[in-house]
Amino acid sequence: MLQPRKIKHRKHQKGRRRKRKKETRGIFLVFGNFGLQALENVWLTSNQIEAARKVLVRYLRKGGKFWIRVFPDKPITRKPSEIKMGGGKGDPAGYVVVIRPGRIIFEIDGIKREEAIKALKQASYKLPIKTRIIERT
């Protein structure tokens, strides 16, 4: 699973989940010819990114390369079950990345168009958001 080696603060604040705000960074294909683009707001966990990565690796064993364009660096806290309210914030339980509409999550290159679309479609099933496959023109 992806997680940072070192962080400045153990616990972050949640921030605001803005409904209509579009992403301004990471919205163009840079490395590969095909990519998976997010169409909704979501917090992607490191487990979800890892599940999609495993699917892509399975398709790219024949040749090709892929890039993960997001990294989960926001710690998420959770209180233990059956604990009374109060007593402060819980301990870090995992890491997420904040995804906004338009963000490229994965890029792949080096395989045929049909295989690339098939691989990205399978990877999108592992993610909890609507996505679309984009292609360099």
Side-chain angles (χ1 to χ4, degrees):
M1 283 188 297
L2 295 172
Q3 68 181 32
R5 287 193 192 108
K6 187 176 178 184
I7 54 174
K8 189 168 185 179
H9 303 289
R10 270 183 70 227
K11 302 174 182 180
H12 283 199
Q13 293 185 348
K14 281 193 176 179
R16 298 283 176 265
R17 291 193 184 192
R18 293 176 182 91
K19 292 255 182 198
R20 287 181 217 87
K21 189 152 184 175
K22 298 270 191 224
E23 185 65 79
T24 57
R25 300 169 302 144
I27 58 174
F28 301 111
L29 290 174
V30 177
F31 303 105
N33 287 330
F34 303 95
L36 195 63
Q37 187 177 39
L39 299 177
E40 297 176 340
N41 289 322
V42 74
W43 281 358
L44 267 187
T45 66
S46 54
N47 291 340
Q48 291 163 345
I49 296 170
E50 178 69 12
R53 184 196 68 82
K54 284 182 180 179
V55 170
L56 288 176
V57 166
R58 194 175 315 131
Y59 277 92
L60 295 171
R61 286 217 172 106
K62 300 165 189 166
K65 190 164 182 181
F66 78 100
W67 293 266
I68 302 174
R69 295 283 308 275
V70 294
F71 186 79
D73 57 354
K74 180 185 181 86
I76 296 302
T77 59
R78 192 160 289 137
K79 303 244 332 180
S81 62
E82 300 183 13
I83 296 289
K84 291 181 182 176
M85 289 181 62
K89 194 168 183 166
D91 292 326
Y95 292 89
V96 299
V97 59
V98 179
I99 300 285
R100 290 188 291 193
R103 181 75 182 210
I104 305 291
I105 303 171
F106 297 106
E107 289 187 36
I108 61 176
D109 196 9
I111 59 174
K112 295 177 186 171
R113 183 178 188 277
E114 297 79 27
E115 284 290 317
I117 289 172
K118 197 173 175 183
L120 289 171
K121 194 168 197 167
Q122 289 295 319
S124 72
Y125 293 147
K126 301 292 181 180
L127 302 177
I129 55 170
K130 290 181 185 174
T131 58
R132 73 174 172 196
I133 297 167
I134 59 172
E135 185 175 351
R136 192 183 299 249
T137 54

More than 12 foreign heavy atoms under 6.0 Å from NZ of Lys54: is that the case here? no
Using modelled atom types only, decide if a donor and an acceptor are shared between the side chain of Lys74 and the backbone of Gln13 within a distance under 3.5 Å. yes
Please check this pair: side chain of Gln48 against backbone of Thr45, looking for a donor-acceptor N/O pair closer than 3.5 Å. yes
From Asp73 atom CG to Arg5 atom CZ, the distance as rounded to the nearest 0.5 Å: 14.0 Å
Please examine the side chains of Val98 and Val42, heavy atoms only from C-beta on, and report whether any two atoms are closer than 4.5 Å. no
Tell me if a side-chain donor or acceptor on Lys121 pairs with a main-chain N or O of Arg132 at a distance below 3.5 Å. no
Residue pair Met1 / Asn47, side-chain heavy-atom distance below 4.5 Å: yes
OG1/Thr77 to CZ/Arg10 distance, rounded to the nearest 0.5 angstrom? 9.5 Å
Under a 3.5 Å distance rule, please check whether Lys126 uses its side chain to pair with a backbone N or O of Arg53 as donor and acceptor. no
Taking all non-hydrogen atoms of both residues into account, name the closest pair between Ala52 and Ala123 and its distance. CB-O, 3.8 Å
Distance from Phe66 atom CZ to Phe106 atom CZ, nearest 0.5 Å? 7.5 Å
Point-to-point distance, once rounded to the nearest 0.5 Å, from CG of Leu44 to CD1 of Ile99: 4.5 Å
Using the side chain to side chain contact (heavy atoms under 4.5 Å, CB included) rule, take Val97 and Ile49 through it: C-alpha gap first, then chi angles, then the decisive distance, then the call. CA-CA 10 Å; Val97 59; Ile49 296 170; 4.0 Å; yes
Any side-chain heavy atom of Tyr125 sitting closer than 4.5 Å to one from Val55? no
Can you tell me if NZ on Lys112 sees more than 12 non-hydrogen neighbours from other groups inside 6.0 Å? no
Would you say the side-chain atoms of Arg136 pair up with the backbone N or O of Gly32, donor to acceptor, closer than 3.5 Å? yes
Arg103 side-chain N/O to Arg69 backbone N/O, donor-acceptor pair under 3.5 Å: yes
Is any side-chain heavy atom of Glu40 less than 4.5 Å from a side-chain heavy atom of Arg100? no
Between Val57 and Ile117, is there a shared hydrophobic cluster once you connect ILVMFWY residues whose side-chain heavy atoms come closer than 4.5 Å? yes
Separation of Asp91 CG from Ile76 CD1 (nearest 0.5 Å): 13.5 Å
When every non-hydrogen atom of Ala38 is compared with those of Ile129, the smallest separation belongs to CB-CD1, 3.6 Å
Using a 4.5 Å cut-off on heavy atoms from C-beta on, say whether the side chain of Tyr95 contacts that of Ile7. yes
Derivation of the side chain to side chain contact (heavy atoms under 4.5 Å, CB included) call for Met85 and Lys79: CA-CA 9 Å; Met85 289 181 62; Lys79 303 244 332 180; over 6 Å; no
Is atom CZ of Phe28 surrounded by more than 12 heavy atoms (other residues, nucleotides or ligands) closer than 6.0 Å? no
Spell out, as yes or no, whether a donor-acceptor pair under 3.5 Å connects the side chain of Glu107 to the backbone of Gly35. no
Look at the side chain of Lys21 and the backbone N and O of Asn41, then say whether any donor-acceptor pair between them is shorter than 3.5 Å. no
Atom pair CG/OG of Leu39 and Ser124 - distance to nearest 0.5 Å: 10.5 Å
Is there side-chain contact between Ile105 and Ile68, with at least one heavy-atom pair below 4.5 Å? no
Does the side chain of Leu2 come within less than 4.5 Å of Phe71's, by heavy atoms? yes
Do Ile108 and Leu36 share a hydrophobic cluster (ILVMFWY, side-chain heavy atoms under 4.5 Å, transitive)? yes
Contact between Phe31 and Asp109 at the side-chain level, heavy atoms closer than 4.5 Å - yes or no? no
